[in-house]
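Everything below concerns the one structure shown next.
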Amino acid sequence: MTVVETDRPELKRVMGPGLLLLFVVGDILGTGVYALTGKVAGEVGGAVWLPFLCAFIVALLTATSYLELVTKYPKAGGAAVYTHKAFGIHFLTFLLTFAVMCSGLTSASSASKAFAANFFSAADIDPERGSLLMITSLSFMALIALVNLRGVGESVKANVVLTGVELTGLLIVIAIGVWAIGSGDGDTSRLTDFNTPSGETAFGSVTAATALAFFAMVGFEDSVNMAEETKNPVKIFPKIMLTGLCITGLIYVLVAISAVTLVSPEDLNKGSTPLLKVVEAGAPGFPLEVFAWITMFAVANSALINMLMASRLLYGMSHEQVLPGPLGRVLPKRRTPYIAILFTTLLAFFLIGYADLAALGGTTAFLLLCVFAIVNVAVLVLRRDRVEHKHFHAPTALPVLGAVLCVYLASPLSGRASADYKIAGWLMLIGVGLWAITWLLNKYVFKRHAEFDPSHIDPSGPVN
């Protein structure tokens with residue numbers, strides 16, 4: 001695939017080191033740590049901080065591959081572009097792109113469930129009433145679709161505000177934990193306890209928990225899509241991405257330590273609001289409804305960003321003629337891809353009704369681990385492609401180790417739940433089915449001189 005650079009309009013470079021750091025940190029923080037800390041504790045026990053540390057190490061290894069590629073090819077596009085450059089196999093590029101889209105759907109669906117749980121806590125309504133939780137989750141996702149249809153112009157200032165809210169909630173948890181431990185109220189002996197069911201080792205418990213905790217570390221890979229809007233990306237990306245990862249990794253470990261010293265792993269694993277339990281146990285006088293609203297705001301932002309990404313990916317793939325053309329239709333006035341939005345929303349409804357929070361988080365982690373494994377291999381393949389400018393060069397051992405660990409954590413050897421494979425398999429089967437339909441239509445129905453119906457595209461302006 002050849003891109004004519006002279007015909008491509010340049011994006012405005014508005015992001016310096018500070019704003020890029022906020023983008024990286026804000027994209028990683030979110031649903032994972034707010035909703036799944038208890039599920040991770042259920043897998044590993046009191047040593048809940050260890051899976052988050054392991055997930056950080058795997059993410060750091062993969063980040064070095066992304067850094068070499070984004071400084072070598074400082075253009076928007078991300079994993080799909082790198083994969084196509086490395087292997088040149090259109091179907092592989094499609095599978096990887098569709099996997100990224102599906103990870104957005106599963107992440108948004110988990111955020112929807114977390115939003116509903118925290119909404120009931122804020123409203124002081126019994127959260128165990130499953131039908132109400134389901135209705136609220138579906139209603140929240142419908143609201144996200146309406147906002148998406150209207151069109152959302154996200155700005156750097158909005159990202160700063162959202163990141164501040166998410167970060168404030170986690171710092172509150174850390175501060176409460178530090179105060180409780182300093183006052184002698186926390187039980188630090190739990191930090192070395194492992195939940196090892198009969199026939200399982202501590203190593204198995206940690207890897208199973210890491211496979212789930214990895215969901216909390218994803219998001220750093222999205223920043224490479226901002227390369228064309230970053231000032232001097234070749235110079236500042238390595239320092240900023242690594243700094244952002246280290247900040248979030250440290251925050252997650254401290255949150256996990258605070259959580260388990262104040263609340264037992266068994267209690268953390270009950271329900272979908274683990275950090276609310278931590279605040280309640282460590283600071284009974286703190287207004288829980290305030291923290292619940294902070295959590296709701298954080299996960300709502302994650303859901304909106306992921307649904308925006310998923311619908312735009314479908315829109316883009318339809319215009320590349322690898323998915324049915326109707327997915328590329330846009331509203332005349334709003335310039336939003338309404339068919340793609342409705343389709344992704346229906347898939348999200350199915351996921352909300354079919355899977356629980358742990359399965360949705362695990363599926364997100366599984367899909368992105370597969371993507372990261374391919375990127376780690378792609379960076380080695382592209383070493384033969386020389387560029388004139390200097391760029392970040394990852395030591396060869398890091399992408400090799402990153403690929404091995406990603407494959408291991410994505411495999412059944414890590415103790416990954418079978419539900420993750422079932423959900424991911426159904427989603428990818430839907431994608432392959434859509435791709436096959438498009439291929440057959442392009443090959444046997446449409447004429448060569450009319451590869452697509454121009455009525456599907458309104459050339460008057462770009463999609464919102």
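Side chains are part of it too, since the values below use all heavy atoms of this structure and drop only hydrogens, waters and symmetry mates. On a predicted model such as this, the values are computed, not experimentally measured, just so you know.
Note: F372 and F220 meet the aromatic proximity criterion, with ring centroids under 6.0 Å apart.
Side-chain atoms of T62 never come within 3.5 Å of backbone atoms of A59 as a donor-acceptor pair (strictly under, hydrogens ignored). Side-chain atoms of T37 do not come within 3.5 Å of backbone N or O of P274 as any donor-acceptor pair. Between the R190 side chain and the G46 main chain, no donor and acceptor come within less than 3.5 Å of each other. Proximity of a side-chain donor or acceptor of S107 to a complementary backbone N or O of G104 within less than 3.5 Å is not detected. Checked by atom type and distance alone, the side chain of K277 never pairs as donor or acceptor with a backbone atom of V263 at under 3.5 Å. When atom types are taken as modelled, the side chain of R416 and the backbone of G362 share a donor-acceptor pair closer than 3.5 angstrom. Using modelled atom types, one side-chain atom of T207 and one backbone atom of S414 make a donor-acceptor pair closer than 3.5 Å. Side-chain atoms of T71 never come within 3.5 Å of backbone atoms of H391 as a donor-acceptor pair (strictly under, hydrogens ignored). The main-chain N or O of A41 is never found under 3.5 Å from a side-chain atom of E43 such that the two would form a donor-acceptor pair. A distance-only check finds a donor-acceptor pair linking the side chain of K113 to the backbone of I352 [under 3.5 Å].
At a cut-off of 3.5 Å, with distance as the only test, no side-chain donor of S205 or N195 sits close to an acceptor on the other residue. Between the side chains of T106 and T364, a donor-acceptor pair is found at a separation under 3.5 Å.
A pairwise comparison of heavy atoms in Y421 and P412 identifies OH-N, 2.9 Å as the closest pair. The heavy-atom pair separating A359 from A355 by the smallest distance is CB-CB, 4.1 Å. In this structure, A256 and F52 approach most closely via the heavy-atom pair CB-CD1, 4.0 Å. Summarising the geometry of A403 relative to A373, their closest heavy-atom pair is CB-O, 4.2 Å, with the distance given to 0.1 Å. Smallest separation of non-hydrogen atoms from A358 and L36: CA-CD2, 4.3 Å. Closest of all the heavy-atom pairs between C102 and M428 is SG-SD, 4.3 Å.
With rounding to the nearest 0.5 angstrom, the OH atom of Y252 is 11.0 Å from the CD1 atom of I174. Rounded to the nearest 0.5 Å, atoms CD1 (I144) and OG1 (T345) are 9.5 Å apart. In this structure, CZ on F286 lies 10.0 Å from CG on L276, to the nearest 0.5 angstrom. Separation of atoms OG1 (T210) and CG (L50) is listed at 6.5 Å; rounding is to 0.5 Å. Atom OG in S264 sits 7.5 Å away from atom NZ in K270 (nearest 0.5 Å). Residue L327 holds its CG atom at 8.0 Å from OG1 of T438, rounded to the nearest 0.5 Å.
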Steps toward side-chain contact (heavy atoms from CB on, under 4.5 Å) verdict (L69, K85):
CA-CA 11 Å; L69 292 169; K85 279 182 175 290; over 6 Å; no
Between F214 and C54, is the side-chain contact (heavy atoms from CB on, under 4.5 Å) condition met? List the steps.
CA-CA 8 Å; F214 194 78; C54 293; over 6 Å; no
Any chance you could lay out the side-chain contact (heavy atoms from CB on, under 4.5 Å) test for H84 and H90, step after step, and finish with the verdict?
CA-CA 7 Å; H84 196 76; H90 286 273; 3.4 Å; yes
Start with the C-alpha distance between L346 and F349, add both sets of side-chain angles, then the distance that settles side-chain contact (heavy atoms from CB on, under 4.5 Å), and finish with yes or no.
CA-CA 5 Å; L346 288 175; F349 282 169; 4.3 Å; yes
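The side-chain heavy atoms of S65 and Y82, taken from C-beta on, include no pair separated by under 4.5 Å. Annotation: side chain of L105 is in contact with side chain of L351 (closest heavy-atom distance under 4.5 Å). Residues V173 and L254 are not in side-chain contact: their nearest non-hydrogen atoms beyond the backbone lie 4.5 Å or more apart. Under the 4.5 Å side-chain criterion, counting only non-hydrogen atoms from C-beta, S311 is not in contact with F343. In this structure the side chain of D420 reaches within 4.5 angstrom of the side chain of T363, judged on heavy atoms. Between V44 and F194, the closest side-chain pair of non-hydrogen atoms falls below 4.5 Å. Two residues are said to be in side-chain contact when any heavy atoms from C-beta on lie closer than 4.5 Å; V432 and F98 fail this criterion. Inter-residue side-chain proximity for Y73 and D385 is flagged as met; some heavy-atom pair is nearer than 4.5 Å.
Residue I240 forms a side-chain contact (heavy atoms from CB on, under 4.5 Å) with just one option from L20, L245, L67, and that option is L20. Tested against F87 for a side-chain contact (heavy atoms from CB on, under 4.5 Å), the candidates T93, L96, V377, L382 yield a single pass: V377.
Between Y34 and F291, the ring planes are tilted. Angles from 30° to 60° get that label. Ring orientation note: the planes of F91 and W435 are tilted relative to one another, at an angle of 30° to 60°. Ring geometry for F119 versus W293: interplanar angle over 60°, hence perpendicular rather than tilted (30 to 60°).
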